[in-house]
Amino acid sequence: MEREAENRPLKLYFLPFLAAGHMIPLCDIAMLFASRGQDVTVITTPSNAETLLKRKSNNHLHIHTVDIPSDSPQIENITSATNIDSAISVYTAAMLLRQPVEQFLRENPPDCIVADFMYQWVSEIANTLQIPRLAFNGFPLFAVCAMNSFSAHPELFSGSVSEPFNLPDLPHPITMHARSPEGIFRFYEALLKMEVESHGLIVNSFVEIESEYVEHYERTTGHKAWHLGPASLVHASNQQKSERGHISVVSENDCVSWLNSKQPNSVVYISFGSTCRFSDNQLYEIAAGVEASGHPFIWVVLEKLEEKGSKGWLPEGFEERMKEKGMIIRGWAPQVLILDHPAIGGFLTHCGWNSVVEGVSAGVPMMTWPVQADQFYNEKLITEVQGNGVEVGAVEWGVSGYGERKIVISREKIEKAVRRVMDGGDEAEEIRRRARQLAVKAKEAVREGGSSHRNLRELIRDLKLLRDSRSAN
Ligand SMILES: O=c1ccn([C@@H]2O[C@H](COP(=O)(O)OP(=O)(O)O[C@H]3O[C@H](CO)[C@@H](O)[C@H](O)[C@H]3O)[C@@H](O)[C@H]2O)c(=O)[nH]1
């Protein structure tokens with residue numbers, strides 16, 4: 001009888017935040033649970049549900065749609081917002097999901113809900129309805145520990161913005177060159193506080209990349225962290241990789257055949273995630289820097305509003321000169337498909353955690369250019385702890401990814417970082433060796449018997465015991 005209860009699948013709900021950087025990893029994690037036979041439902045809004053249903057690999061997930069009550073925004077995902085105002089309207093809409101989500105949970109209570117930390121209200125509903133909750137924030141645990149270190153040392157806010165400082169109490173000596181704006185830091189701090197009241201924290205990472213931080217986190221917070229990733233490795237085929245996230249503006253075939261025409265490790269992949277939009281001036285410097293480096297490239301530029309009075313964002317004749325060497329993708333690119341191709345030799349990244357962990361899984365060295373949120377911490381995990389990348393030299397910590405930046409990173413800095421990784425030599429060889437080593441560890445983690453594979457099995461067992469002890473009471 002007991003055995004029978006243990007074998008019954010868990011009924012799990014996943015509630016991803018309405019932004020690609022949050023939705024993609026949480027849906028991948030949902031797929032991990034479904035692949036182990038659990039009964040998994042993703043709760044989201046109609047247009048996001050439509051995107052999810054277009055992917056064939058999602059067919060073993062149930063999707064429950066909830067309408068945003070009143071004043072629905074035109075768009076339902078921050079990734080489609082081309083400016084800060086429309087991003088805020090999606091955020092506001094996401095907060096209005098409380099009522100329909102609560103109603104669904106009351107009528108069909110699950111064994112556990114895994115909710116993005118942006119939905120602060122989920123903890124209250126879960127407590128009221130006595131539904132176990134797992135937290136998810138999309139950051140590596142390293143960044144959470146770094147933020148906790150900052151929280152414990154408010155004096156760090158008082159230094160001058162450009163003055164380097166050390167983050168205290170962490171397992172490694174970490175020197176930061178940028179400070180988070182205090183307002184935005186306090187916002188994240190409040191969200192992270194609520195997470196430690198949950199049954200555990202799910203991390204889209206693998207223990208081996210931040211093992212000291214697992215021990216540090218659990219000792220300093222008394223809270224359990226479950227590393228289950230890299231979740232992107234759940235997608236095995238090229239089709240699955242290119243269908244992940246939004247619909248790409250280039251086909252799988254076009255991308256692969258272009259990359260097939262290039263030498264192994266010769267191409268720089270340039271992408272700044274799903275929200276970051278740079279000014280035309282900054283895009284111009286990126287173009288000039290990558291051209292000066294002499295390396296082939298794929299450069300993803302998300303759709304953005306036209307700038308008044310701008311002369312455009314590409315140097316004259318750039319596309320004609322680069323027609324063999326470079327591919328500019330204007331809009332959504334099949335990132336994991338690209339990163340996994342052997343022609344990719346380096347990744348110029350904003351250090352959004354999904355991009356980092358996807359680059360790590362592919363064994364690609366990185367050139368780091370953080371913009372906001374956890375990205376400045378993630379950069380340090382790469383450059384100071386793991387040594388699988390070099391810094392471009394960004395020190396301006398933004399409030400959002402919507403081009404409020406004052407400092408333009410020069411073409412010289414960009415060219416220098418690209419050359420350090422791509423031109424060869426002892427430093428580049430060592431970085432590449434470390435990147436390859438990490439990729440081996442990432443892949444081992446999700447294999448049968450690997451750390452993430454074991455964690456998932458233990459977490460499922462833990463949740464089943466919790467369910468069975470609750471139903472016995
Ligand atoms: O053209 C594109 C652009 C992005 N992606 C995917 O979109 C995701 C983007 O995620 P990420 O690299 O983490 O960047 P953001 O979208 O900026 O992510 C937000 O969410 C992350 C997780 O919480 C945080 O680490 C970041 O700082 C925050 O900006 C990744 O899976 C990419 O593979 C594509 O597939 N194609």
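Position 1 is the first residue of the sequence, and the numbers go up from there. Counting starts at 1 for both ligands and their atoms, following the listed order.
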Starting from atom 11 (P) of ligand 1, what is the nearest protein heavy atom, named by residue and atom, and what distance separates them? Asn354 ND2, 3.6 Å

Which protein heavy atom lies closest to atom 8 (C) of ligand 1, and at what distance to 0.1 Å? Ile24 CD1, 4.0 Å

Which residue owns the protein heavy atom closest to atom 12 (O) of ligand 1, what's the atom, and how far is it? Ser355 OG, 2.5 Å

Under 30°, 30 to 60°, or over 60°: which ring-plane class applies to Phe272 and Trp369, parallel, tilted or perpendicular? perpendicular

Going through the checks in order, is the salt bridge (charged side-chain N to carboxylate O under 4.0 Å, His left out) test met by Glu391 and Lys413? CA-CA 9 Å; Glu391 299 186 6; Lys413 277 191 171 171; over 6 Å; no

Check each atom of ligand 1 against the heavy atoms of Glu358 and keep those under 4.0 Å away; list them by number with element. 30 (C), 31 (O), 32 (C), 33 (O)

Does CD in Glu307 sit with more than 12 non-hydrogen atoms of other residues, nucleotides or ligands closer than 6.0 Å? yes

Sole residue of Pro334, Ser242, Ser237 in side-chain contact (heavy atoms from CB on, under 4.5 Å) with Glu252: Ser242

Please identify which atoms of ligand 1 are closer than 4.0 Å to at least one heavy atom of Asn137. 23 (O)

Counting from 1, what ligand 1 atoms have a heavy atom of Val300 closer than 4.0 Å? 1 (O)

Contact with ligand 1 for Thr79, non-hydrogen, under 4.0 angstrom: no

For atom 27 (O) of ligand 1, what's the nearest protein heavy-atom neighbour? Residue, atom name and distance, please. Asp374 OD1, 2.5 Å

Taking 4.0 angstrom as the limit and counting only heavy atoms of Arg244, give me the atoms of ligand 1 inside it, by number and element. 31 (O), 33 (O)

How far is atom 17 (O) of ligand 1 from its nearest protein heavy atom, and which residue and atom is that? His350 NE2, 2.9 Å

Carefully, step by step, assess Leu52 and Leu61 under the rule side chain to side chain contact (heavy atoms under 4.5 Å, CB included). CA-CA 9 Å; Leu52 290 179; Leu61 295 180; over 6 Å; no

Check this for me: Lys304, atom NZ, are more than 12 non-hydrogen atoms of other residues, nucleotides or ligands nearer than 6.0 Å? yes

I need the contact type for Thr349 against ligand 1. Using non-hydrogen atoms and a strict under-4.0 Å cut-off, is it side chain, backbone, both or neither? neither

From Gly359, Gly138, Ala333, Ser242 - option closest to atom 2 (C) of ligand 1 by heavy atom: Ala333

Are Arg411 and Glu285 close enough for a salt bridge, meaning some N to O gap below 4.0 Å? yes

Counting non-hydrogen protein atoms only, what is the nearest one to atom 4 (C) of ligand 1? Give residue, atom name and distance. Trp332 CH2, 3.3 Å

In ligand 1, which numbered atoms sit nearer than 4.0 Å to a non-hydrogen atom of Gln375? 26 (C), 27 (O), 28 (C), 29 (O)

Distance alone, cut at 3.5 Å: any donor-acceptor contact between the side chains of Glu208 and Ser451? yes

Identity and distance of the protein heavy atom lying nearest atom 19 (C) of ligand 1: Gly21 CA, 4.1 Å

Please determine if Arg179 forms a cation-pi arrangement with Phe165, meaning its NZ or CZ atom is less than 6.0 Å from the six-membered ring centre and no more than 45° off the ring axis. yes

Shortest protein contact, atom 16 (O) of ligand 1 (heavy atom only): Ser274 OG, 2.4 Å

Do His341 and Asn260 pass the side-chain hydrogen bond (donor to acceptor under 3.5 Å, both in side chains) test, and can you show the C-alpha distance, the side-chain angles, and the key distance before you say yes or no? CA-CA 8 Å; His341 194 284; Asn260 283 347; 2.7 Å; yes

